[in-house]
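Remember, predicted model here, so these are calculated numbers, not experimental data.
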Amino acid sequence: GKSELERILEGKGLSTAERCREIERCLNNSADPELRESLNIDTPRECDDIVKDLLKTKKVDDKNYSRLLNCVERVRGYRQLQFDVENLRKEKYNSENSSHSSLLHDIWRILHPNEELVSMVSPQWRSIGFQGQDPSTDFRGMGLLGLVQLHYFVKHYEDKVRSILSHSNHPEFGYSMAIT
């Protein structure tokens, strides 16, 4: 009969996401350690080579190559994304790192284009919702990920952010916009 992997690949009615999830589950639960490790991102192998080995090892028809390649690329890509995001979260803000401070400067310039920032430690930061005078202390829990997300939001949704900032400064119903 067909292997579980081949049944998943040829199964009708599965969305791509469901098929990829099932393939990941199948390989993670394999008795073969090489199959279990095949999707790990720290395995320095090309997806094409992994797929060819899987087809051969599990005796799966080559007609399933592109479908399996698609899933392997997606699963490994997702795992890489998780790894990268977690590393960004673990990275602490460093005021000596020009790329870190540049992100904060950009946020300030976009939200207050007509107001000069006195210094990186200033009560001015409270006007955009930071908790204190030193915005770097607000990134303790989320690390650099919080800063990168805030920067992306401010840079790519400038009009919406300005509206949110305006609402956040309401005297009665205000809130801290920059909570990370």
Side-chain angles (χ1 to χ4, degrees), residues 15-25 27-29 36-48 50 69-180:
S15 69
T16 301
E18 291 168 328
R19 180 171 286 109
C20 291
R21 186 181 64 239
E22 286 301 307
I23 288 171
E24 183 178 23
R25 181 197 52 73
L27 295 175
N28 284 341
N29 294 331
R36 281 196 311 270
E37 298 296 316
S38 64
L39 296 176
N40 288 347
I41 58 171
D42 54 349
T43 303
R45 297 180 61 208
E46 295 296 320
C47 291
D48 178 65
I50 293 168
L69 178 63
N70 182 322
C71 287
V72 167
E73 288 173 340
R74 285 172 186 256
V75 170
R76 286 183 59 138
Y78 178 70
R79 288 181 177 189
Q80 185 66 53
L81 176 63
Q82 285 179 303
F83 178 80
D84 293 344
V85 167
E86 181 59 19
N87 282 339
L88 200 53
R89 185 197 65 76
K90 288 178 183 176
E91 187 175 347
K92 302 296 179 207
Y93 177 87
N94 178 354
S95 60
E96 303 298 315
N97 184 322
S98 63
S99 67
H100 294 190
S101 56
S102 175
L103 292 172
L104 274 174
H105 276 283
D106 282 353
I107 291 168
W108 181 264
R109 278 191 296 272
I110 292 168
L111 294 178
H112 289 294
N114 300 320
E115 185 179 344
E116 185 75 26
L117 181 62
V118 177
S119 76
M120 288 304 289
V121 177
S122 162
Q124 292 173 289
W125 289 106
R126 288 190 175 121
S127 71
I128 58 174
F130 285 97
Q131 296 174 21
Q133 295 185 40
D134 184 356
S136 70
T137 62
D138 285 21
F139 300 111
R140 287 183 301 257
M142 288 298 292
L144 207 53
L145 178 61
L147 175 58
V148 168
Q149 288 178 319
L150 181 60
H151 182 264
Y152 182 90
F153 183 50
V154 168
K155 188 169 182 171
H156 291 82
Y157 299 95
E158 190 173 327
D159 291 338
K160 289 180 181 174
V161 171
R162 287 182 193 277
S163 175
I164 292 169
L165 180 59
S166 174
H167 286 100
S168 75
N169 288 321
H170 187 277
E172 187 178 347
F173 302 110
Y175 49 88
S176 294
M177 187 198 88
I179 290 181
T180 58

_Among R162, K160, K155, which residue satisfies the salt bridge (Lys or Arg N to Asp or Glu O under 4.0 Å) criterion with E158?_
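Going through the options one by one, the only one that passes is R162.
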
*Under a 4.0 Å N-O cut-off, is there an ion pair linking E86 with R89?*
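R89 and E86: salt-bridged.
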
*Are E22 and R19 ion-paired here, with the side-chain N under 4.0 Å from a carboxylate O?*
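Salt bridge flag = no for R19 with E22.
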
Straight-line distance of [X] [atom1] to [Y] [atom2], nearest 0.5 Å:
X: H105; Y: L103; atom1: NE2; atom2: CG; result: 10.5 Å
X: R21; Y: S15; atom1: CZ; atom2: OG; result: 7.0 Å
X: M142; Y: K92; atom1: CE; atom2: NZ; result: 10.5 Å
X: L39; Y: R45; atom1: CG; atom2: CZ; result: 10.5 Å
X: N70; Y: I23; atom1: CG; atom2: CD1; result: 9.0 Å
X: C71; Y: E24; atom1: SG; atom2: CD; result: 10.0 Å

Do you know which two heavy atoms are closest between [X] and [Y], and how far apart they sit?
X: R76; Y: S38; result: NH1-O, 3.5 Å
X: Q133; Y: P135; result: O-CD, 3.4 Å
X: F139; Y: G146; result: CE2-C, 3.8 Å
X: C20; Y: V75; result: O-CG2, 3.9 Å

Verify, without hydrogens or angle tests, whether [X] (side chain) and [Y] (backbone) share a donor-acceptor contact under 3.5 angstrom.
X: N40; Y: D42; result: no
X: Q124; Y: E116; result: yes
X: D138; Y: Q131; result: yes
X: S168; Y: L165; result: yes

*How would you list, by chain and number, every residue that makes a side chain to side chain donor-acceptor pair (under 3.5 Å) with H151, sequence neighbours excluded?*
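Side chain to side chain donor-acceptor pair (under 3.5 Å) list for H151, sorted by chain: D106.
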
*asked:* Could you walk me through whether I107 and L147 satisfy the side chain to side chain contact (heavy atoms under 4.5 Å, CB included) test, starting with their C-alpha distance in whole Å, then the side-chain angles of each, then the deciding distance to 0.1 Å, before giving a yes or no?
replied: CA-CA 9 Å; I107 291 168; L147 175 58; 3.7 Å; yes

*If you count the non-hydrogen atoms of other residues, nucleotides and ligands that lie under 6.0 Å from NE2 in H112, is the total more than 12?*
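Atom NE2 in H112 is packed in, count exceeds 12.
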
*asked:* With side chain to side chain contact (heavy atoms under 4.5 Å, CB included) as the criterion, how do F153 and I164 come out once you've worked through the C-alpha distance, each side chain's angles and the decisive distance to 0.1 Å?
replied: CA-CA 11 Å; F153 183 50; I164 292 169; 3.6 Å; yes

*Do the non-hydrogen side-chain atoms of W125 and T137 ever get within less than 4.5 Å of each other?*
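Of all side-chain heavy-atom pairs linking T137 with W125, none is under 4.5 Å.
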
*Taking side chain as C-beta onward, heavy atoms only, is M120 less than 4.5 Å from S95?*
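No; the side chains remain at least 4.5 Å from each other.
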
*Mind telling me whether H156 and Y152 have parallel, tilted or perpendicular rings, with 30° and 60° as the class edges?*
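Plane angle under 30°, so parallel.
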
*In terms of the angle between their ring planes, are Y93 and H100 parallel, tilted or perpendicular, with boundaries placed at 30° and 60°?*
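Plane angle between 30° and 60°, so tilted.
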
*asked:* Test side chain to side chain contact (heavy atoms under 4.5 Å, CB included) on I128 and W108; report intermediate values, then the result.
replied: CA-CA 8 Å; I128 58 174; W108 181 264; 4.2 Å; yes

